[in-house]
Amino acid sequence: MARHLITSALPYINGIKHLGNMVGSMLPADVYSRYLRQRGHDVLYICATDEHGTPAELAAKEQGLPVADFCAQAHDAQKAVYDGFALAFDYFGRSSSAQNVEITQHFARRLHENGFIEERAIRQVYSPTDGRFLPDRYVEGTCPHCGYDKARGDQCENCTRVLDPTDLINPRSAISGSTDLEVRETKHLFLLQSKLQHEVEAWVARHEDDWPQLASSIARKWLNEGLHDRAITRDLDWGVPVPADTWPELAAEGKVFYVWFDAPIEYIGATKEWADLDPANRDWKSWWYDVDTDVRYTEFMAKDNVPFHTVMFPATELGVREPWKKVDYVKAFNWLTYYGGKFSTSQKRGVFTDQALEILPADYWRYFLIANAPESDDSSFTWEHFTATVNKDLADTLGNFVNRVLSFSRKRFGDEVPAGGEPGEAETKLGGQIAELLAEYESHMESLQFRKAAAALRALWSAGNSYLEEKAPWLEIKTDKDGAALTLRTAMNLIHLYAVVSEPFIPATSAAMRQAFSLDGDTASWVTADEARALTAVPAGTPFTVPPVLFAKLTDEDLEAYKERFGGEPGQ
């Protein structure tokens, strides 16, 4: 089987992330990773907290903590939430790790040796009030492109345009709020992306036809506008230090690398963190170095991260002139909005992942978010849509099917799967339908079409309900007890099939469904087409139990309570 390297965009360290962040990167990466593992592939899913740059310093300052302490605590807090969502990372690292420092400095030295980094004197915003140069994110103001009045000096959150602090209208210090700003000369390192333009264009051209249109169009837009040389160092107290053996003057001044230079390198750094935990059995370079034909690398991210991963980081890797693995497939997502307005970490708008887990278990959120993933366009979260989806798909279609099959069978036949007669025309028809829907589900998962995959999974669940309504064992048992037993045995085999194939979406619920049956040696990781047609994985005589209600139906009172807590009007 193939080896699959999977990464999702690194979540910033400055606070718990919202549902839009979850569905735009980590959750679909987890669903895909789980699916590939079930199909027998060798998978390594790597992520980490992005801990450098202005957001970390500002958040630490706000909490009155040293930035290193703040990052350590915030990393653990974020990881606890991701554990709550059952994200099965192989490793969740930290960009402040010693491994990332080592590899980032190596990349910088190699780029310098190859003529792709040069030192330049530039004019930068200085705040006399704060007594320091202000890195990009320490400067806020109005975006010159869209008029958004809370744009940062590195990027406008509203229109996603990359900015320089001097581009902003009415700039102010994010530290003190002072508008008494000056522009002074200082020295920084620049990555000469302009010299790599043609190489990046050729690399993108080899891949863009395979990528989603969103990813390829963003990459092509950046290339068409021309790659500009970018400053890759900043005046900060927290970050990967510029190595003194190569740039002694800048190192003495305390320069650190720009977060968008070291953050993508942390994918490699985190893999080395993982390998260093068990060096005798883990080889990080086998995933990253000189492995183009052996490893398929898939990245997951929202559209604002696409330029950095399709243009800037590939330019860095190309300039190093070493055979580092480059991404094969970029799965890009649009925005998930909250009643038509943007989720925002900085402005605390929308539902945040820790709050979501306070309300309902993870599987409710996992299924809803993936079934409504913003793939082809932005999608909107509303509490009305959420409760309707939970009630229809999870509570009624899946949960009610499981409960009524097992409860009715136990009531009429006891605590073992009944035998009944031989499968007939209805069972043959059902088996063919299940095999066909399973193939459709697999096809969509292979092509990373998550909404379509969710629709196919929902259709699998619905097929069971249709079969049950057609056979009506509660009526059948009055005249044909063996026929009713056959119907229930077939339905129980559907439950087991659902347990196996639903695991990427709803892992906790899948485990509960599988554990309902006392099957010795039940190690099935997937269901073949022949097994789907036969539906015999759970034989007659197998003991079973009725699990607790899988999904509670949400009431009008629940809906009103959610809206009262979080708001339910556009822009709230």
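Note: hydrogens, waters and symmetry copies are ignored here, and every other heavy atom, side chains too, is used.
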Check your understanding: Given Thr49 and Gln78, is the side-chain hydrogen bond (donor to acceptor under 3.5 Å, both in side chains) satisfied, shown in steps?
Key -> CA-CA 8 Å; Thr49 38; Gln78 286 199 24; over 6 Å; no
Review point. Cut-off 3.5 Å, side chains only: do Asn170 and Thr142 have a donor facing an acceptor?
Key: no
Check your understanding: Would Arg451 and Ser376 count as a side-chain hydrogen bond (donor to acceptor under 3.5 Å, both in side chains) if you check the C-alpha gap in whole Å, the side-chain angles of each, and the deciding distance to 0.1 Å?
Key -> CA-CA 10 Å; Arg451 291 180 73 146; Ser376 59; 5.7 Å; no
Exercise for review: Would you please say whether a donor-acceptor pair under 3.5 Å links the side chains of Glu299 and Tyr297?
Suggested key: yes
Check your understanding: Would Asp154 and Arg152 pass as an ion pair if we require N to O under 4.0 Å?
Key -> yes
Review point. With a 3.5 Å cut-off and no angle check, do the side chains of Thr166 and Arg123 form a donor-acceptor pair?
Key: no
Check your understanding: Parallel, tilted or perpendicular: which describes the rings of Phe107 and Trp324, with under 30° parallel and over 60° perpendicular?
Key -> tilted
Practice item. Assess Lys331 against Tyr329: is NZ or CZ under 6.0 Å from the centre of the six-membered ring, and within 45 degrees of the ring's axis? Key: no
Check your understanding: Side chains of His207 and Val327: closer than 4.5 Å at any heavy-atom pair?
Key -> no
Point to revise | 4.5 Å side-chain heavy-atom contact, Asp42 and His4 | key: no
Practice item. Please confirm whether Arg234 makes a cation-pi placement over Tyr258, using NZ or CZ under 6.0 Å from the six-membered ring centre and within 45° of the ring normal. Key: yes
Check your understanding: Looking only at heavy atoms, which two atoms of Pro504 and Pro507 are closest? And how far apart?
Key -> O-CD, 4.5 Å
Revision key, fill the gap. Heavy-atom closest pair (Pro128 atom, Asp180 atom, distance to 0.1 Å) is CD-O, 3.2 Å
Exercise for review: Please tell me if the side chains of Pro11 and Cys47 come closer than 4.5 Å, counting only heavy atoms from C-beta onward.
Suggested key: yes
Practice item. Let me see the working for Ser379 and Asn372 under side-chain hydrogen bond (donor to acceptor under 3.5 Å, both in side chains), right down to the final yes or no. Key: CA-CA 7 Å; Ser379 62; Asn372 297 279; over 6 Å; no
**Study point:** Non-hydrogen atoms of Ser127 and Leu181 that approach each other most closely
**Key:** CB-CD2, 3.8 Å
Point to revise | Residues Val43, Ile6; criterion side-chain contact (heavy atoms from CB on, under 4.5 Å); working and verdict | key: CA-CA 7 Å; Val43 176; Ile6 296 172; 4.1 Å; yes
Exercise for review: Identify the heavy atoms of Thr310 and Val204 that sit nearest to each other, and give their distance.
Suggested key: O-CG2, 3.6 Å
Review point. Does the side-chain contact (heavy atoms from CB on, under 4.5 Å) test come out yes or no for Asp262 and His52, once each step is laid out?
Key: CA-CA 8 Å; Asp262 82 85; His52 292 141; 3.2 Å; yes
Review point. Do NZ/NE/NH1/NH2 and the carboxylate oxygens of Glu503 and Arg37 come within less than 4.0 Å?
Key: no
Check your understanding: Which heavy-atom pair separates Ala151 from Leu168 by the least distance, and what is that distance?
Key -> CB-CD2, 3.9 Å
Check your understanding: Is there a side-chain contact (heavy atoms from CB on, under 4.5 Å) between Tyr126 and Gln124 once you walk through the steps?
Key -> CA-CA 6 Å; Tyr126 184 87; Gln124 188 175 338; over 6 Å; no
Check your understanding: Are Phe308 and Met301 side-chain neighbours, meaning at least one heavy-atom pair lies under 4.5 Å?
Key -> no
Check your understanding: Any ion pair linking Glu225 and Arg161 (charged N to carboxylate O, less than 4.0 Å)?
Key -> no
Exercise for review: Dump the intermediate steps for side-chain hydrogen bond (donor to acceptor under 3.5 Å, both in side chains) on Gln155 and Asp304, then the final yes or no.
Suggested key: CA-CA 9 Å; Gln155 188 176 24; Asp304 57 331; 5.5 Å; no
Exercise for review: Step by step, work out the ring-ring contact (aromatic ring centres under 6.0 Å, His included) result for Trp260 and His309.
Suggested key: CA-CA 10 Å; Trp260 267 114; His309 292 79; 5.8 Å; yes
Check your understanding: Are Lys342 and Asp378 ion-paired here, with the side-chain N under 4.0 Å from a carboxylate O?
Key -> no
Check your understanding: So, the side chain of Asp167 versus the backbone of Asp164: is there a donor-acceptor pair under 3.5 Å, distance only?
Key -> yes
Point to revise | Considering all heavy atoms, the nearest Ala453-Met445 contact | key: CB-SD, 3.6 Å
**Study point:** Any side-chain heavy-atom pair of Trp238 and Val256 under 4.5 Å
**Key:** no
Exercise for review: Evaluate the side-chain proximity of Leu134 to Arg132: yes if any heavy-atom separation is below 4.5 Å, no if none is.
Suggested key: yes
Check your understanding: With side chains defined as the heavy atoms from C-beta onward, is the minimum distance between Val306 and Val311 less than 4.5 Å?
Key -> no
Review point. Among Phe352, Phe386, Phe85, which one satisfies ring pair (Phe, Tyr, Trp, His ring centres under 6.0 Å) with Trp365?
Key: Phe386
Review point. For Lys326, does the NZ atom have more than 12 heavy-atom neighbours from other residues, nucleotides or ligands under 6.0 Å away?
Key: yes
Exercise for review: Apply side-chain contact (heavy atoms from CB on, under 4.5 Å) to Leu448 and Tyr35, showing your working.
Suggested key: CA-CA 11 Å; Leu448 288 82; Tyr35 170 77; over 6 Å; no
Check your understanding: Are Phe368 and Phe381 an aromatic pair by the rule of ring centers under 6.0 Å?
Key -> yes
**Study point:** Pair Ser447-Gln449, side-chain donor/acceptor within less than 3.5 Å
**Key:** no
**Study point:** Pair Thr353, Tyr82: side-chain N/O donor-acceptor within cut-off below 3.5 Å
**Key:** no
Check your understanding: Would you say the side chains of Asn100 and Ser95 form a donor-acceptor pair under 3.5 Å?
Key -> no
Review point. Any chance NE2 of His145 has more than 12 other-residue heavy atoms, nucleotides or ligands included, within less than 6.0 Å?
Key: yes
Review point. Under a 4.5 Å cut-off applied to non-hydrogen side-chain atoms, are Leu87 and Arg366 in contact?
Key: yes
**Study point:** Lys303 side chain to Ser217 side chain, donor-acceptor N/O pair below 3.5 angstrom
**Key:** no
